[in-house]
Amino acid sequence: MANARRSPNLPIQAFSTLPSSPQTLPSEAVLDALKMMLIGASLNEVLTSVTRLIEAHSEGMLCSIFLLDEDGLHLRYGVAANLPQAYQAATDGVCIGPNVGSCGAAAYLRQPVFISDMLSHPNWEGFRDVVLQSGLRAAWSTPILSHDGKVLGTFCMYYREVRQPVMDEIQLIDYASRIAAIAIERKRAEEKLRQDEREFRQLIDFLPQHVLVLDKEGFLLQANQVMLDYNGHTLEEMQGAGTDERVKRDLHPDDLERVRDERRRGFSSRVPFEIEKRMLGKDGRYRWFLFRYKPLLNEQGGVTRWFATATDIDDRKRAEERMRNENLALREEIDRSSMYEEIVGSSNTLRVVLQHVAKVAPTDSTVLILGETGTGKELIARAIHKRSKRSAGAFIRVNCVAIPSSLIASELFGHEKGAFTGALQRRLGRFELADGGTIFLDEIGDLPADTQNALLRVLQEREFERVGGTQTIRVNVRVIAATNRDLGAAVASGSFREDLFYRLNVFPIDVPSLRERADDITLLVEYLVARSAKRAGKKIRHIEKATLDLFKAYTWPGNIRELQNVVERAVILCEGDTLSVDESWFKHDTPRSPGTTQSLPTSPFNQEREMIEAALRESRGRIAGPFGAATKLGIPRQTLDSKIAALGIDKYRFKT
């Protein structure tokens, strides 16, 4: 066609290489358009400014800007202030295509399309009537492309006479499309950001947790709706540092100083931290929340923001409080109903022990309790704990001889998941459980050599590692140990570390055997009878004199534990209100001469097995008690249990 031409097949970017000409956009005008973008003017205002800027360059020029729909197929007018209304109505929403006007073709072909005579060009065949009615003749269109080459719309210049563009005008329309592209991309990015913010806000508001955004000093910037609904305040009322009165209003008075200190330390650390605190709700009640704070760091490692979540843990804290109260009540009940705090007796030997307990209890010194089996060494250990500054903490008891040697380290120090076969999860050891309290190591003389090494380190440094772990754990624990063995002899034989012995033997307490405190037997019998009768639901008001004489005459090799067993047996068999015992209960338990007591330590394997089986056969499979195999062999019950297990003896086959 002679009166219309399509631009050369050059991409629109090619026009930026054309030589400059006098007909360019004034810098002041360009700056005005950019300023409108920066001050937040609407997209319509910015695009209108661009079209007016271009229209001012040539008399009779009309400009319009089409925006491409989200479907990528239809063009809608963004700005066409001076175009005839009839023409706008006929062409708004036109579908792009290679032969659809100038704008439809430019958007489809992604290159400028210049038509000098609209009436004679086939692209306008379907719009010829409205073109003739509007008086438009020339249409020069160029696509508006984003920075990544996507079509955003088109920029078009119209004239009322047949006209072909010159290079200056081509460059001018290129400049205009570039400014329009900047404006469209910026506004769409802003709208996308606002939409993302709205969606993010809706998501945050949907969370059941409280969510906060704080500045680097810890002042509140944002809070989600859940938090605002909980305390009944607006965001503006909560923002900033706030007054001291507001902080006091929102926090429980008992938490105020602690939270201030922990918050100050946390914000200065630049690492995640947690705080538990009670927050006042709009219903006037306080609830416990766990606040977790996480910093947002810049490239230099400085904090730019703090993000925080608050999880309601009120039910958990109340359950913990109920458990503490129940444990306290249980401890009080134990104190009232058991022997844990009822050390009965008034003999001089017992008084010396109690004096030592009273003096060492307030300190943190390690205590070594020595004495025969059944003398109440654990009772003394509990008394020390109850009278110490750690009485509110845990009292953890470990029987070193009852735990297999392969598991004793795991039992004391804990283990990590996968540390050994069967370690399916991390497990805290007894030392960690006793942190802040007291750990009682009973039968310390039977501790394996490798565990002695680890225990020595705990006593020296108060630190250890879990089995299979590398993290050093520090604990604040008081150690009380007990044994019925001669540790001095064990040190001499090499079975017990000498340095560990001296670490344990800071304050030794010798607990007397029952035969050394015979004056206390009457008081003990009366106390034990009353306790056993209460448990059995019986009323026993008297104890036969002959029974008391038998109790006093007997040597009690099993000490108080044996006395307790005999009394319990007598109470069960008692049918009236007077307690008595059968003299035959004691006839086999007269003191043995040294020659009649069997000894095991130096026996060969087979001889040792035969001696244990003979004792089990004679005692009919019974291990403990005055007629048990342990008594007949002259060794502690726990030691005999260990030897039976080691030798693979079936003790049940001797029961008859």
Side-chain angles (χ1 to χ4, degrees), residues 11-13 15-16 24-57 61-83 85 88-89 91-96 101-113 139-158 171-204 221-222:
I12 189 168
Q13 289 80 356
F15 291 106
S16 63
T24 59
L25 297 178
S27 59
E28 294 83 359
V30 175
L31 290 174
D32 287 342
L34 296 176
K35 181 179 179 181
M36 293 184 68
M37 298 180 205
L38 294 175
I39 64 175
S42 67
L43 180 61
N44 182 268
E45 291 174 329
V46 176
L47 297 182
T48 299
S49 173
V50 173
T51 57
R52 288 175 179 173
L53 173 65
I54 302 302
E55 288 174 346
H57 275 259
M61 180 198 300
L62 303 176
C63 294
S64 70
I65 295 178
F66 267 123
L67 299 178
L68 189 63
D69 271 354
E70 291 183 1
D71 62 8
L73 298 175
H74 297 85
L75 294 171
R76 306 285 180 183
Y77 279 108
V79 173
N82 296 321
L83 285 184
Q85 291 295 322
Q88 290 187 47
T91 55
D92 191 36
V94 66
C95 183
I96 66 173
S102 59
C103 289
Y108 183 86
L109 298 171
R110 301 168 62 84
Q111 66 181 24
V113 174
W140 308 338
S141 299
T142 188
I144 300 173
L145 301 176
S146 67
H147 70 283
D148 55 357
K150 294 181 180 179
V151 177
L152 303 175
T154 59
F155 187 95
C156 188
M157 293 181 180
Y158 294 95
Q171 190 171 29
L172 185 64
I173 195 173
D174 180 48
Y175 287 157
S177 68
R178 290 174 183 271
I179 296 175
I182 294 172
I184 295 170
E185 280 199 284
R186 179 179 177 84
K187 290 301 176 181
R188 288 185 175 177
E190 291 175 353
E191 179 56 33
K192 179 67 165 57
L193 181 60
R194 284 193 292 269
Q195 178 63 24
D196 289 345
E197 288 177 347
R198 286 193 295 269
E199 293 177 357
F200 182 69
R201 180 76 193 194
Q202 292 174 354
L203 176 63
I204 295 300
L221 300 176
Q222 293 290 336

Run the side chain to side chain contact (heavy atoms under 4.5 Å, CB included) test on Leu43 and Glu191 for me, step by step, so that the C-alpha distance in whole Å, both residues' side-chain angles and the decisive distance to 0.1 Å come before the verdict.
CA-CA 11 Å; Leu43 180 61; Glu191 179 56 33; over 6 Å; no

Would Ser42 and Asn44 count as a side-chain hydrogen bond (donor to acceptor under 3.5 Å, both in side chains) if you check the C-alpha gap in whole Å, the side-chain angles of each, and the deciding distance to 0.1 Å?
CA-CA 5 Å; Ser42 67; Asn44 182 268; 5.3 Å; no

What's the verdict on side chain to side chain contact (heavy atoms under 4.5 Å, CB included) for Ile173 and Ile54, showing C-alpha distance, side-chain angles and the deciding distance?
CA-CA 8 Å; Ile173 195 173; Ile54 302 302; over 6 Å; no

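Annotation: salt bridge (Lys or Arg N to Asp or Glu O under 4.0 Å) contacts of Asp69 (sequence neighbours excluded): Arg76. Scored by the ring-ring contact (aromatic ring centres under 6.0 Å, His included) test, Phe66 finds Tyr77 as partners (sequence neighbours excluded). Every residue two or more places apart in sequence or in another chain that forms a side-chain contact (heavy atoms from CB on, under 4.5 Å) with Val151 is listed here: Leu68, Ala107, Arg110, Leu145.
With values rounded to the nearest 0.5 angstrom, Asn82 atom CG is found 4.5 Å from Glu55 atom CD. The CD1 atom of Ile184 lies 5.5 Å from the CG atom of Leu152; values are rounded to the nearest 0.5 Å. Within the model, atoms CG of Leu75 and OG1 of Thr154 stand 5.5 Å from one another, a figure rounded to the nearest 0.5 Å. The distance from atom OG1 of Thr51 to atom CD1 of Ile179, rounded to the nearest 0.5 Å, is 11.5 Å. Note that CD1 of Ile144 and CZ of Phe155 are 7.5 Å apart. Values are rounded to the nearest 0.5 Å. We find the CG-OG distance between Leu47 and Ser64 to be 11.0 Å, quoted to the nearest 0.5 Å.
Scanning all heavy atoms of the two residues, the minimum distance from Asp71 to His74 falls at OD2-ND1, 2.9 Å. Shown here for Pro143 and Ser177, the closest heavy-atom pair between the two residues is O-CB, 4.1 Å.
Put simply, the side chain of Glu185 never gets that close to the backbone of Ser146: no donor and acceptor are under 3.5 Å apart.
Counting only heavy atoms from C-beta outward, the side chains of Pro112 and Trp140 never approach each other to under 4.5 Å. Residues Arg186 and Val46 form no side-chain contact, since every pair of their non-hydrogen atoms from C-beta on lies 4.5 Å or further apart.
Ion pair Glu190/Lys187 flagged as a salt bridge, since at least one NZ, NE, NH1 or NH2 atom sits closer than 4.0 Å to an Asp/Glu carboxylate oxygen.
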